[in-house]
Amino acid sequence: MTEGDTDTVFLPRQLDLLNLLGYHHLQHGNPERALVIFDAIHSLRPEDSKVILSLACAQLRCNQPEAAISVLASLPQKNQDDALAWLFRGQALMQTGRVAEGARAMRLFIRKRNIDKI
């Protein structure tokens, strides 16, 4: 980088700290702040499944189920079937009024969660 360059390079540790701050905001009733943070991290790590799931969670808590469905669709193929992805997908579908699809997703979440415990 040259002097005067406006691009900022984030180290993995800095992104992890931002992720922790976003989680803190989610846990303490500030989903809008968490959404801004997770959206920024997602722009830097668009294929990171943990970031995608965190962003979807924040979107759900900010009543943005369509955005959550969209971001969950961007999960890498290997993570599409994770229990947490099914939980968030089910919640988003329910919020959009797609009850039958949401119920199916929730059943898949329960099945995956039980398999993951074994």
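Everything numeric in this text was worked out from a predicted model, so none of it was measured. In this chain, residues are counted from 1 in sequence order.
When the shell of 6.0 Å around CZ of Arg33 is examined, it contains 12 or fewer heavy atoms from other residues, nucleotides or ligands. For Glu47, the CD atom counts as loosely surrounded, since its 6.0 Å shell holds 12 or fewer non-hydrogen atoms of other residues, nucleotides or ligands.
With values rounded to the nearest 0.5 angstrom, Asp39 atom CG is found 12.5 Å from Ser54 atom OG. Atoms CD1 and CD, on Ile41 and Gln14 in that order, are 11.5 Å from each other to the nearest 0.5 Å. Remark: Ile37 CD1 to Tyr23 OH distance equals 14.0 Å, nearest 0.5 Å. Atom CD of Gln80 is separated from atom OG of Ser49 by 10.5 Å, given to the nearest 0.5 angstrom. To the nearest 0.5 Å, atoms CD (Gln64) and CD (Glu32) are separated by 9.0 Å. Here the CD1-CD1 distance, from Ile115 to Ile110, works out to 12.0 Å after rounding to the nearest 0.5 Å.
Placement of Leu17 and Val36 in two distinct hydrophobic clusters is found when ILVMFWY residues are connected by side-chain heavy-atom separations under 4.5 Å, directly or transitively. Note: the hydrophobic cluster containing Val71 does not contain Ile69 (ILVMFWY, side chain heavy atoms under 4.5 Å, direct or indirect links). In terms of hydrophobic clustering, with Ile, Leu, Val, Met, Phe, Trp and Tyr side chains grouped at heavy-atom distances under 4.5 Å, Leu72 and Trp86 are assigned to a common cluster. A single hydrophobic cluster is seen to contain both Val51 and Leu53, as judged by linkage of ILVMFWY side chains at heavy-atom distances under 4.5 Å, directly or through other members.
Test Arg107, Glu101, Met106 against Arg104 for side chain to side chain contact (heavy atoms under 4.5 Å, CB included) and you get one pass: Arg107. Applying the side chain to side chain contact (heavy atoms under 4.5 Å, CB included) test between Leu35 and each of Leu60, Leu55, Leu26 identifies Leu55 as the sole match.
Contact between Ser43 and Ala40 at its shortest, heavy atoms only, is OG-O, 2.6 Å. The heavy-atom pair separating Ala68 from Ala92 by the smallest distance is CB-CB, 4.2 Å. The minimum heavy-atom distance between Pro46 and Ile52, with the atom names listed, is O-CD1, 3.5 Å. Nearest heavy-atom pair, Pro31 versus Ala58, reported as atom, atom and distance to 0.1 Å: O-CB, 4.3 Å. Residue Phe38 comes nearest to Gly22 through the heavy atom pair CZ-C, 3.4 Å, listed as atom of the first residue, atom of the second, then distance.
Side-chain contact between Thr96 and Glu66 is present, with at least one heavy-atom pair separated by less than 4.5 Å. At least one side-chain heavy atom of His42 sits under 4.5 Å from a side-chain heavy atom of Ser74. Side chains of Pro12 and Arg45 form a contact here, defined as non-hydrogen atoms less than 4.5 Å apart.
The main-chain N or O of Leu15 is never found under 3.5 Å from a side-chain atom of Asn19 such that the two would form a donor-acceptor pair.
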Tell me, with the steps shown, if Arg89 and Asp81 meet salt bridge (Lys or Arg N to Asp or Glu O under 4.0 Å). CA-CA 11 Å; Arg89 199 172 286 121; Asp81 202 33; over 6 Å; no
